[in-house]
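Structure first, commentary second.
All values derive from a computational prediction rather than experimental measurement. Just so we're on the same page: letters track the sequence lines, and every chain starts at 1.
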Amino acid sequence: MSATTLEPAGPLPAPAVDRAARRTRRPWVRFVASRVLRLVVSLLVLVTATFVMVHLIPGDPVQAALGEQATPQLVELRRHELGLDQPLPLQYVHYLRGVVTGDLGSSIVTEAPVADLLGTRFPNTLRLALPAFVLVILIALPLGLLTAVRTRGGRGRVTRGVFVNVTGFFNSVPDYVMATVLSVIFVVGLRLFPAAGLSGPSSYVLPVAALVVGPAASLSRIVRVEALKVLDTEYVRAAKSRRLPRRLLYLRHVLPNMMTASLTFGAMILSGLVAGTVLVENVFGWPGVGTVISQAVIQKDFPLVQGVLLVLGAAVLLLNMLVDVMLGVLDPRSRIGGLE
Amino acid sequence: MSTTVATTVPTRSTARRRRVRLPGGVALALLLVFVFLSVAGPWIWGHAAGDTNVADANQAASGEHCLGADDLGRDLLARTLYATRSSLVLAVLATVVGGVVGVALGLLSGASHRLGKVLGAVINLLMAFPALLLSIFFAVLFGIGSVGSVLAVGASFAPGFARITQTLTASAVSRDYVEAARVLGKGPVTVVLRHVLPNIAEPVILYTTIHIGTAILALSGLSFLGLGVQPPAYDWGRLLSDGLTRVYITPTAAIGPAVAIVLAGLTFNMAGEHLADLVGGRRRAPRTAVAAATARPSTGTDVRPAPPVDDAALTTTDAAVEPLLEVQHLRVLYPGPDGGVVTPVRDVSFSVAPGETVGIVGESGSGKSMATSAVAQLVEAPGAVHAEVLRFDDVDLTRRTAEDERVLGRSMAMIFQDPGEALNPAVKVGTHLVEPAVVHLHQDKALARRRALDALRAVAVNDPERRFDQHQHELSGGTKQRVCIAIGLMGEPRLLIADEPTTALDVTVQRQILRLVAEVRAETGASVLFISHDIAVVSEISDRILVMYAGFVVEEATTDELLARPAHPYTGLLLAASPDMGADRSRPLPMLDGRMPGPGVDLPGCYFAERCPRAEQDCRDARPPLLQIGAPGHRAACWHPLTGTPSTATATGASGPADERTAP
């Protein structure tokens, strides 16, 4: 777990301090440092929230996990093993230290170390989320931009109608329903793809497709609206007055300017996509963290729930920071805003 | 044209009604169906959904069970319909929970600055997490089951509600009457309840409606994971996951709940958006009308008033040389707000000789910018450009080819009113400069860079090497405009179109830019088309001046001739109103009463007649053609010109109407 999410956050603050000395010459360094700082604070809140969660649950979590029949001795033993008999601040310190060193305790039910389980399963979740992330961008940006060009100034009424309705529809189909429908059609009906599990390239097709369709539809709508705004600006008019070829006009003068809003919305959509893997994994029996969490919640296996929430939450936060930094590189205005 | 407007008014309104109401109607009808199902569903299908029938167990879709039956032989269609109530009621409850908590948090943060900062940071952080993660987190806290999932989904919605409330509250609090209530000593609770809440109620209710759809999806998702409604109770999410486990036995088992979830989500989203449209439409009726009108741009082509200008007077240019730019009977049409057509440029004819500077002057709305946009080929759909002749060098602008584009890119340069808007904020200054040379002159980047630095030096930009790598927001307004001019120098400029290039700048910078344009013309030999609303600025730089009014050229003359002997009363008033032009400063400036006829107005006579001190009945009956008056090349469109003969004294001509106007 720590290998995939916490490591980038750990060593970065130190160089950021070194670079602060040169901040007058390189303002973007300060910008990146501020974003990293924000990430660290958010991660700290996330870790604290997962810690507090266990203690806010009504009743004794260990008793709940072990069931009513468990003897008081067993409950006491397990409480001791889990460190739950220590004072709260001490528990918190232990928990923090554990998170930083990658020790997330062990499952109440199976007694297996949570970190090991996440270590084998989280990469599988990323194997779904990352290709989906890339595909969403690759589909939504060109589609939205193209539709904007085709439909600007009241032109292309039919194109606009088809686009708005089709994307509106797919936007309203939740990923788990999409996954179920794809599974019924392509696995049960046409027998084109394997039913469940991770086995070779063809097993990726349906889960990734189920994840991509909704976010791609909603992002392309946002991209279209943003592109329409940019296409109406004076600088695009000025660029047109210079008779630039279309390719240059759209790639250099339009695309970077619509990235800020598109990616800001995009980041929200895409972090929703990380969460979406939880549901989609359950449909396709994908061996990621999503198939673990629902079971863990039902079994009240709190160390495991904590671990999964930590990993997914940290992934979302990291994703948000990366998008922020990417925006700063692409669009100098957002960088200036970040410095204020 | 007046007939066009009259006939299109009813069609417009019917078109709009059809356009807006149809999808809204479908959404409302579906909404009623869902409400009906959730009320009556359990009564009607209660038995079919609950009765076990082992004989029918796991039956595939058939006449008896059109979606098949589950492992206990219960009809799946009936179960789907039955589950409408639990699914919708839970969704509404969750939305209400989220709404109440979120709005309370939002109002709280709006009431106090310090609290607002802290809560704002918390809301920001929560917003970063996807709703599903938040609801799993809260499901752990509140426990598994219907109540737990409603609270969990509600809690995951709260940050969104808090955010929108906070934003709305912030803008409501800063309004004058709320400030006033505060000054009067009203407590924060009173202010919030009495003044803020009513102001934000409408958008919050809209947001709530749209979120019911999202709540349906979220709750079904939790149930799908097994964290929501627990057996024996069930909702659509539960049915979907049950159906999925038995998808090989009864493939249709998953279809019913899947369709129900998607349809319900769509219905509530559409109904919410429809509601927002109605509210928005009530507020912004004109915008919708324009949108409806833009649908029919083709109407522009068949409404064409007869060219009122004396052609013979125009076809003969005074200059012996072939003009670089020739424009005859240019019209620019746009679809109008009433479904008709507006004509910002009604009839414009002029020419620009090589090396000549021609100024176009007129108040805003006179069509001067639109006319130059048409020349620069920047009028885009739904606008339409018509011209008998529109020629630049040997390029026929009414039908361009790809090769013509290159010629235009090389030799026609444009400077815009606001240089801050005309430079791309995401593109470096240097790239702006290098681009045209690489694209149109096929120069390599190193050469283009050297030339770009030369061009920046030529327009007196200091430290060009540093500027080259900067973005526009790092430059001052004057420097930005210099950069824009330098971009024009990167090709082989033969015509420089400057559209109000000094208007957005400080007075001192204005002079510098004006001087720079004159220098550029002197050095490159390019012609300049200079547009301004300020006749003093135009006359400073131009060899010849066109005066435009309501989309017409009303007067045209060399600068000296125009200043000395204005013929059109409008020109006279413009000159008299310009303090820089030697008007008598001991008197108040003359005011032009009334307004210029808009682009949608169609008049038979002179468009200036309503404001003209010299207008008589014939002016309103027939439009005066642009005819030569006095000196060669001096033309005016007026039945009663100020200077019918060259002998008429300038002073009386220019200040005569002004006197009449300013007399008490």
Quiz item: Are A:His253 and B:His432 side-chain neighbours, meaning at least one heavy-atom pair lies under 4.5 Å?
Solution: yes
Practice problem: Let me know if A:Thr233 has heavy atoms under 4.5 Å from chain B in its side chain, its backbone, both or neither. | Solution: neither
Self-check item: Test item: B:Phe129 and A:Leu312 side chains (from C-beta on) under 4.5 Å apart, heavy atoms
Solution: no
Exercise. Check whether A:Leu56 gets within reach of chain B through its side chain, its backbone, both or neither, counting any heavy atom under 4.5 Å.
Key: both
Exercise. Measure B:Leu217 against the heavy atoms of chain A and call it side chain, backbone, both or neither at under 4.5 Å.
Key: both
Quiz prompt | Choice from A:Met178, A:Arg38, A:Glu234, A:Lys300 maximising heavy atom contacts with chain B below 4.5 Å | solution = A:Glu234
Quiz item: What part of A:Val283 gets closer than 4.5 Å to chain B, counting heavy atoms only: side chain, backbone, both or neither?
Solution: both
Quiz prompt | Per-residue contact mode, A:Val173 against chain B (heavy atom under 4.5 angstrom) | solution = both
Quiz item: Just by distance, do the side chain of B:Asn424 and the backbone of A:Tyr235 share a donor-acceptor pair under 3.5 Å?
Solution: no
Quiz item: Do B:Gln377 and A:Lys240 have side-chain heavy atoms sitting under 4.5 Å apart?
Solution: no
Exercise. Measure distances from B:Leu141 to the heavy atoms of chain A and classify the residue's part below 4.5 Å as side chain, backbone, both or neither.
Key: both
Quiz prompt | Nearest heavy-atom neighbours spanning B:Ile144 and A:Ile298 | solution = CD1-CA, 3.5 Å
Practice problem: Would you check if A:Thr180 and B:Phe224 make a side-chain contact, meaning some heavy-atom pair closer than 4.5 Å? | Solution: yes
Quiz item: Between A:Val236 and chain B, which part of the residue has a heavy atom less than 4.5 Å away: side chain, backbone, both or neither?
Solution: neither
Self-check item: Pairs of heavy atoms under 4.5 Å with chain B: top-ranked of A:Ser241, A:Gly168, A:Ser183
Solution: A:Ser241
Quiz prompt | Segment of A:Leu319 engaging chain B (4.5 angstrom heavy-atom cut-off) | solution = neither
Quiz item: Do A:Arg152 and B:Glu380 meet the salt-bridge criterion of a basic N to acidic O distance under 4.0 Å?
Solution: yes
Quiz prompt | B:His440 side chain vs A:Arg243 backbone, donor-acceptor pair below 3.5 Å | solution = yes
Quiz item: Under a 4.5 Å heavy-atom cut-off, does chain B meet the side chain of A:Leu273, its backbone, both or neither?
Solution: neither
Quiz item: How far apart are the C-alpha atoms of B:Glu435 and A:Arg252, what are their side-chain angles, what is the distance that settles it, and do they pass the side-chain contact (heavy atoms from CB on, under 4.5 Å) test?
Solution: CA-CA 10 Å; B:Glu435 222 168 39; A:Arg252 186 181 283 165; 2.7 Å; yes
Self-check item: Among B:Leu240, B:Thr214, B:Val259, residue most engaged with chain A (heavy-atom pairs, under 4.5 Å)
Solution: B:Leu240
Practice problem: Identify which part of B:Ser241 has an atom lying under 4.5 Å from any heavy atom of chain A, answering side chain, backbone, both or neither. | Solution: neither
Self-check item: Residue pair A:Val316 / B:Pro130, side-chain heavy-atom distance below 4.5 Å
Solution: yes
Exercise. Return yes if some donor-acceptor pair links the side-chain N/O of A:Tyr176 with the main-chain N/O of B:Leu225 below 3.5 Å, else return no.
Key: no
Exercise. Heavy-atom distances under 4.5 Å only: say whether B:Val140 touches chain A with side chain, backbone, both or neither.
Key: both
Self-check item: Closest-packed option against chain B by number of heavy-atom pairs under 4.5 Å, given A:Gly276, A:Gly313, A:Ala179
Solution: A:Gly313
Exercise. Report yes if the side chains of A:Ser172 and B:Met270 come closer than 4.5 Å at any heavy-atom pair, otherwise no.
Key: no
Self-check item: Contacting region of B:Ile497 [heavy-atom separation from chain A under 4.5 Å]
Solution: neither
Quiz prompt | Structural part of A:Ala239 lying under 4.5 Å from a heavy atom of chain B | solution = neither
